[in-house]
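In what follows, a single structure is set out as structure tokens and then discussed.
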Amino acid sequence: MEKSDQITNLAKDIFPGSNNGNPTSDLIMSKAVGSKIWDIDGNEYIDYLLGSGPMVIGHSHPKVVEAVSKQLSSGSTFFALNELSIRLGQEIIDAVPCAEQIRYVTSGTEATLYAMRAVRAFTGKEKILKFEGGYHGMHDYSLMSLMPRSEVEYPIASIDSSGIPEAIKNEMLIAPFNDFETTEDIIKKNKEEIAGVIIEPFQRVIKPKPGFLESVRKITNKYNIPLIFDEIVTGFRFGYGGAQEYYNVVPDLCTLGKIVAGGYPLAAIVGKKNLMEVFNQKSDTISPPLVQIGTLSGNPISSAAGLATLDVLKAENPYEKLFETGNFLQSTLREIFNRHEIPAQVVGEGPVFDVYFCSNEISNYRDTMGADKSILNSLNSNLIEAGIFKGDTKYYVSTVHDSFDVEKTVSAFEVAVAKLKEQHDI
Ligand SMILES: Cc1ncc(COP(=O)(O)O)c(C=O)c1O
């Protein structure tokens, strides 16, 4: 039995559904350096999953390894203020337009949970408006209309997971991304009850239409509704100042994760001082005070990794190249599908994209509902066979994907797409 078969069998035994909390994959990984990842049988892949996004400067970057190693023998977590977390906080505040203060948590899920709690505490209101198909992690409020299987009338939420109380549904309002008219109508009708609006400024792989984010900003300003950008994917990826810099629309609060922790457990809520003040438990302006504490919050190892990652991004300013590489891969894929006359939409923004197998254009979640997922699954499997590793629903490009990687990826695209013709009736 190959080593991987033994370990796969063990995984089947100990993890429900063979799943350790990451999406199931038949591959078991053992090592990743730069743009490459290896499975336990020693097979090499060009990695476009990047640990679900954090590893934008590549795996095991020497500067990150050095910074983390330096801290390792000086303690991994203190549950107390430490210099590295303060320095990382200042760096984030200097970079992100809306950031005047920062509070750390350990995961993106926690960051959006607390951002929602913060706007409720700040406004004294309860409802949160989110966009259909928008992902904000795995807590009860974010698992509303993330992936509804049928079209539910806006703004009614549909629950995505078992185990979530039915009552939570009534705390959420759902709007269609890129449809300002409907969004405006929902906000106007519910403005007295809305505590905040949360949005991925770039929703999964869907770009905002020109003017959409600006209009959402304008109406939330008009009714004094705090606007939260979930920049866990876009932060430090679309530019050093994130999507708010790239699209030039500044929210009141923002959640950050992935890149800011350089592949270690840390995430953050940042925002305007007056709003962030709700996290000040010593303040007597809110009763009872907003409570937020975490064992690993701002731990020095993650802070060291985050600081080293941001140092590299700041020094190299790789954003033009990052977009160039991503745009080239996108346009190449498009051309290959066209040549094979396969109806497919390559959707994304520079370094983040994926494919929907459908003929219609994609501008919100409902446009994606008719796409054929079985063809996408086949494409992803064909790519793995050709040495390309990606997530189920996204390609992430890194600053270390070089011209050799791109050349190999394009050859793999050719083979993987050609195979689809044999595997599906398209
Ligand atoms: C936009 C967005 N928000 C929140 C999260 C949740 O982050 P975490 O997986 O760290 O809980 C993710 C994770 O992929 C994300 O992409």
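All ligand and atom numbering here is 1-based and tracks the order in the structure.
Comparing G137, G53, S107 by heavy-atom distance to atom 5 (C) of ligand 1, the nearest is G137. With atom 11 (O) of ligand 1 as the reference point, the heavy atom nearest to it among D230, T255, T109 is part of T109. Among L113, I232, L256, the residue whose heavy atom lies closest to atom 4 (C) of ligand 1 is I232.
Here's the thing with G108: one of its N/O atoms is less than 3.5 angstrom from an N/O atom of ligand 1. Among the atoms of R204, some N or O lies under 3.5 angstrom from an N or O of ligand 1.
Checked by atom type, the side-chain pair Y48/T409 shows a donor-acceptor distance below 3.5 Å. At a cut-off of 3.5 Å, with distance as the only test, no side-chain donor of K127 or N190 sits close to an acceptor on the other residue.
Salt-bridge annotation for E166 and K169: present, with a side-chain N of the basic residue lying under 4.0 Å from a carboxylate O of the acidic one. Checked for salt-bridge contact, D252 and R217 meet the test: a charged N lies under 4.0 Å from a carboxylate O.
Residue contacts with ligand 1: K258 is included, with a non-hydrogen atom under 4.0 Å away.
Contact between S35 and H401 at its shortest, heavy atoms only, is CB-CD2, 3.6 Å.
Taken to the nearest 0.5 Å, the CG atom of N178 stands 11.5 Å off from the CD1 atom of I362.
When only non-hydrogen protein atoms are considered, atom 12 (C) of ligand 1 lies nearest to Y135 CE2, 3.5 Å.
Counting the atoms of ligand 1 from 1 in the order shown, those under 4.0 Å from a heavy atom of E200 are 1 (C). Here is the list of ligand 1 atoms found below 4.0 Å of a heavy atom in V233: 16 (O).
Of the protein's heavy atoms, none falls inside 4.0 Å of atom 9 (O) of ligand 1.
Taking the six-membered ring wherever Trp is involved, the centroid distance between the rings of H136 and Y141 does not fall below 6.0 Å.
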